[in-house]
Amino acid sequence: MWQPFESGASLGTPGSEGGRIVADEEYAGAARITLEGGTRIGAPFAITCGVYGWFVHTCYLPGEPEAQCALAAMKSALERIVALCDDATGGKPETSDRAALDAIARFVDRFPT
């Protein structure tokens, strides 16, 4: 269910970390993940992702193989978080559930900045 964000219009444009967007996808209208090559802080790759209304997270990676591996793992983890957020609260963060928040905390720990 991951689809190109805005039909791929963002590819090649500057990303939030100052690099060029290499991949940009959205999941079920609930999450987004963006991979950038080159960043303003000098990291070769950055991944910025999050679940709408819940959290945004960025991590930096030293090379393309690591970035592609992290991208796949993060997408899978984000799918699980979206399901928890929707199941727990009907998608409304103001009525958040502990399980969803715990999953987000584990995600941030697993993919540090």
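Open room surrounds CD on Glu64; 12 or fewer heavy atoms of other groups in view lie less than 6.0 Å from it.
Residue Pro112 comes nearest to Asp109 through the heavy atom pair CD-O, 3.7 Å, listed as atom of the first residue, atom of the second, then distance. Between Ala23 and Leu71 the shortest heavy-atom distance is CB-CD2, 4.4 Å. The two residues Val82 and Ala30 make their nearest non-hydrogen contact at CG1-CB, 3.8 Å. Taking all atoms of both residues into account, the shortest heavy-atom contact from Ser10 to Ile21 is O-CB, 3.6 Å. Contact between Leu61 and Ala70 at its shortest, heavy atoms only, is CD2-CB, 3.8 Å. Taking both residues in full, the closest heavy atoms of Pro4 and Gly8 are given as CB-N, 3.7 Å, listed atom of the first, atom of the second, then distance.
Both Val51 and Met1 belong to a common hydrophobic cluster when Ile, Leu, Val, Met, Phe, Trp and Tyr are linked at side-chain heavy-atom distances under 4.5 angstrom.
If you check the side chains of Tyr52 and Glu26, you find a donor sitting under 3.5 Å from an acceptor.
Contacts of Phe5 classified as ring pair (Phe, Tyr, Trp, His ring centres under 6.0 Å), with partners at least two apart in sequence or in another chain: none. Under the ring pair (Phe, Tyr, Trp, His ring centres under 6.0 Å) criterion, Phe111 pairs with Phe107, sequence neighbours left out.
Looking at Arg32, its side chain never comes within 3.5 Å of a backbone N or O of Cys49 through a donor-acceptor pair.
Taking CE of Met74 as the start and CD of Glu79 as the end, the distance is 13.0 Å to the nearest 0.5 Å. Taking CD from Glu36 and OG1 from Thr48, the interatomic distance works out to 5.5 Å, rounded to the nearest 0.5 Å. Atom OG1 of Thr58 sits about 9.5 Å away from atom CD1 of Ile41, to the nearest 0.5 Å. Atoms SG and NE2, on Cys59 and His57 in that order, are 5.0 Å from each other to the nearest 0.5 Å. Distance check, rounded to the nearest 0.5 Å: SG of Cys85 to CG of Leu78 gives 10.0 Å. In this structure, CG on Asp97 lies 8.5 Å from CG on Asp102, to the nearest 0.5 angstrom.
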Derivation of the side-chain contact (heavy atoms from CB on, under 4.5 Å) call for Thr34 and Ile47: CA-CA 6 Å; Thr34 305; Ile47 298 175; over 6 Å; no
Test log, rule side-chain contact (heavy atoms from CB on, under 4.5 Å), inputs Asp24 and Leu35: CA-CA 6 Å; Asp24 198 4; Leu35 171 63; over 6 Å; no
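Residue pairs meeting the ring pair (Phe, Tyr, Trp, His ring centres under 6.0 Å) criterion with at least one partner in residues 11-51, sequence neighbours excluded, are Trp2-Tyr27.
A salt bridge links Glu25 with Lys75: at least one charged nitrogen is closer than 4.0 Å to a carboxylate oxygen.
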